[in-house]
K.L.:
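Have a look at the structure that comes next, please.
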Amino acid sequence: QVLLAESGGGSVQAGGSLRLSCATSGDTVGTYCLGWFRQPPGKEREGVAAIDRNGRTSYEDSAKGRFTISKDYRKKTLYLQMNSLKPEDTAMYYCAAARISLTNDYVPGPSYFGYWGQGTQVTVSS
């Protein structure tokens, strides 16, 4: 069973940083492709970044150069380091898992991911 639990969200001023964590179960970190998604108020869920079981990463354009996805096998945890935050980064952030490999620089759509956490809220004020 794949269990995912996000933490690390909060309120921050524009230009600040946050690090999101996603605790996983079993060998999820070593077996699945893991992704970060976000859903701004009133909008659809969108991809942010992904990392597959081989460590290949992909980022959406809005995240490139500001966000870094990583994982720790020993701690069974997925991370998203977010720097230079902007008000438009305000959203509920979710981690997700899928049995896929990344083949290009794009984050696979939400429909590819079958396991989801409950989300953590990030609010960026101007």
K.L.:
Could you grab the distance from atom CD of Glu46 to atom OG of Ser62, nearest 0.5 Å is fine?
P.N.:
6.0 Å
K.L.:
For a 4.5 angstrom cut-off between non-hydrogen side-chain atoms, does Phe67 reach Trp36?
P.N.:
no
K.L.:
If you compare all heavy atoms of Pro108 against all heavy atoms of Ile100, which two are closest, and at what distance to 0.1 Å?
P.N.:
CG-CD1, 3.6 Å
K.L.:
Does any part of the side chain of Gln118, heavy atoms only, come nearer than 4.5 Å to the side chain of Tyr94, both counted from C-beta?
P.N.:
no
K.L.:
How close do Ile69 and Leu34 get, heavy atom to heavy atom, and via which atoms?
P.N.:
CD1-O, 3.9 Å
K.L.:
Looking at Tyr32, does the NZ or CZ of Arg53 lie under 6.0 angstrom from its six-membered ring centre and within 45 degrees of the ring axis?
P.N.:
no
K.L.:
Determine whether a donor-acceptor pair (N or O, by modelled atom type, separation under 3.5 Å) exists between the side chain of Thr123 and the backbone of Ser11.
P.N.:
no
K.L.:
Answer yes or no: is there a side-chain heavy-atom contact under 4.5 Å between Tyr79 and Leu20?
P.N.:
no
K.L.:
Under 4.5 Å between any side-chain heavy atoms of Trp116 and Cys95, yes or no?
P.N.:
no
K.L.:
Can a donor-acceptor pair be found, under 3.5 Å and without considering hydrogens, that links the side chain of Asp52 to the backbone of Asn54?
P.N.:
yes
K.L.:
Main chain of Glu88, side chain of Thr90: is a donor-acceptor contact present, judged purely on distance under 3.5 Å?
P.N.:
no
K.L.:
As an exercise, state the distance from NZ of Lys76 to SG of Cys22, rounded to the nearest 0.5 Å.
P.N.:
13.5 Å
K.L.:
Testing the basics here: between Leu4 and Tyr115, what is the closest heavy-atom pair and its distance to 0.1 Å?
P.N.:
CD1-O, 3.5 Å
K.L.:
Any sub-3.5 Å donor-acceptor pair from Thr28's side-chain atoms to Thr24's backbone N or O?
P.N.:
no
K.L.:
Using every non-hydrogen atom in the two residues, find where Leu102 and Ala50 come nearest and quote the distance to one decimal.
P.N.:
CD1-O, 3.7 Å
K.L.:
Using side-chain heavy atoms (C-beta onward) and a distance below 4.5 Å, is Met82 in contact with Val122?
P.N.:
yes
K.L.:
Do Lys71 side-chain atoms and Val29 backbone N/O form a donor-acceptor pair below 3.5 Å?
P.N.:
yes
K.L.:
Hey, do the aromatic rings of Phe113 and Phe37 have their centres closer than 6.0 Å?
P.N.:
yes
K.L.:
Without swapping roles, check the side chain of Thr120 against the backbone of Ser7 for a donor-acceptor pair under 3.5 Å.
P.N.:
no
K.L.:
Are side-chain heavy atoms of Val48 and Glu60 found at a separation under 4.5 Å?
P.N.:
no
K.L.:
Is the shortest heavy-atom distance from the side chain of Asp89 to the side chain of Arg38 under 4.5 Å?
P.N.:
yes
K.L.:
With a 4.5 Å limit on heavy-atom distance, are the side chains of Ser21 and Leu78 in contact?
P.N.:
no
K.L.:
Quick one: pull up NZ in Lys43 and CE in Met92 and give me the separation to the nearest 0.5 Å.
P.N.:
16.0 Å
K.L.:
Might you point out which heavy atoms bring Ala49 and Leu80 nearest each other, and give the distance in Å?
P.N.:
CB-CD1, 4.3 Å
K.L.:
What are the two closest non-hydrogen atoms of Ser17 and Ser84, and how far apart are they?
P.N.:
OG-N, 4.3 Å
K.L.:
From Gln81 CD over to Arg66 CZ, what is the distance, rounded to the nearest 0.5 angstrom?
P.N.:
12.0 Å
K.L.:
Hey, is NZ on Lys75 packed in by over 12 heavy atoms from elsewhere, all under 6.0 Å?
P.N.:
no
